[in-house]
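Beneath this line is the structure, given in structure tokens, with notes to follow.
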Amino acid sequence: MKKDFTPALLDFGPLQIYLARHFGFCYGVENAIDIAFRTIEENPGKRIFLLSEMIHNPQVNADLQQRGVQFLQDTNGRQIVPYESLTKDDVVIIPAFGTTLAIEDTLNAIGIPIAKYNTTCPFVEKVWNRSEQIAQKNYSVVVHGKPTHEETRATFSHAAHVTPTVIVFDMAETELLAQYIAGEKNAAGFYADFAGRFSEGFDAEKDLQRIGVVNQTTMLASDTQAIADFLKQVMIKKYALSENETERHFAETRDTLCYATNDNQTSVYGMLEVNADLAIVVGGYNSSNTSHLVELCEEKLPTYYITGEDKLISKTTISHFNFHNKTTLTTQNYLPASEPVKILITSGASCPDALVESVIEKLCSFYKVTTTIEDLMEQFAL
Ligand code: SF4
């Protein structure tokens, strides 16, 4: 059955909220949070560590820290607590993004069992499996992802274990890679251009002859598709392939986005059909999937990226995040004067629904609304 991606209208009279059809928590995040809280319950008196942030949401991470959980690394992989200080009696939770084989080995060597409290999302594991399938057919892997993101580092590690692997962040880097594939650039330059992004022993002359693309599960679907299509064309041109010969040099991987990323992104496209005044996107500022929802909205209308209702300082002032240059901004008069005001709202996969609800409640408090959230909930329940 075709899914419905039209937004839900919450009509408060002078304020009209168009809520994305799919938004917020995904299976992987719910599962990870469940396991993390169960771990705390099951291990009273033990030191409990998270490899890094559970998910990219400050409220969830703060909640876990309040219950005594400590982070071993920050979100960029910098060590906060040294591995040498861990003992086999400690508990370490692997986050939803998964982790690298090197870190798994380190924990195993200490004697910390990692399988019991491993919250790696099955959709991330699916990407690792896809990489393995490609590797078995002697393709190298091109990972489309953010090189410093935990998930991309984990995927790179798992792919690099089985086949030559390189990471590209965007189309500009893909075009650069294509020049090495096509032989337009001397292979020697590859190692400087992709420093820190290729697997050990990568041979830029040999290992770029057969490739397949996998992606960080939360990238923009249209970007991954464009990158895969582009590289396929590069191979077709270089090796003069006919349409049914492409698999000689390019593995047909359907994109490896997860269902939640797909649904949340497609719902934003559905939401953008509405002629609204502005969009509000709720989520952690280091959340990859949330920033992509912001990116889509920004193309059409003024968009404010916030972590919660506290950023709606007043009816005239909003504090929000510019993820392009990683700065926090304060904007005045973000709400138009003429009513009804039409606002699109969505949230990232690591954002609890309660945060979205409190944002809507705060917006309602700025207007003489003619109905309540409870009334609207009843209507939706009918
Ligand atoms: S966004 Fe997708 S891959 Fe990431 S945790 Fe959620 S379901 Fe898993």
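Note that ligands are numbered from 1 as they come in the structure, with each ligand's atoms numbered from 1 the same way. If you read the sequence from its start, that first residue is 1, and numbering goes on from there.
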Have a look around atom 8 (Fe) of ligand 1 and list protein N/O/S atoms under 2.8 Å, or say none.
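Near atom 8 (Fe) of ligand 1, the protein supplies Cys121 SG.
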Distance-only donor-acceptor hits, side chain of residues 330-341, under 3.5 Å, sequence neighbours excluded:
unit_1 : atom_1 : unit_2 : atom_2 : d
Thr331 : OG1    : His320 : NE2    : 2.6
Gln332 : OE1    : Thr317 : OG1    : 2.8
Tyr334 : OH     : Ser314 : O      : 2.8

Heavy atoms from other residues, nucleotides or ligands near NZ of Lys46 exceed 12 (cutoff 6.0 Å):
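For Lys46, atom NZ is crowded (more than 12 foreign heavy atoms under 6.0 Å).
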Using 4.0 Å as the upper bound for N to carboxylate O, is an ion pair formed by Asp63 and Arg67?
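Judged by the 4.0 Å cut-off on N to carboxylate O distance, Arg67 and Asp63 do form a salt bridge.
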Looking at Arg197 and Glu173, is any side-chain nitrogen of the basic one under 4.0 Å from a carboxylate oxygen of the acidic one?
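A salt bridge links Glu173 with Arg197.
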Indicate the ring-plane relationship of Tyr285 and Tyr305, choosing parallel, tilted or perpendicular according to the 30° and 60° boundaries.
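Ring orientation, 0 to 90° scale: perpendicular.
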Parallel, tilted or perpendicular: which one describes the rings of Phe190 and Phe202, with boundaries at 30° and 60°?
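Aromatic pair Phe190/Phe202 classed parallel.
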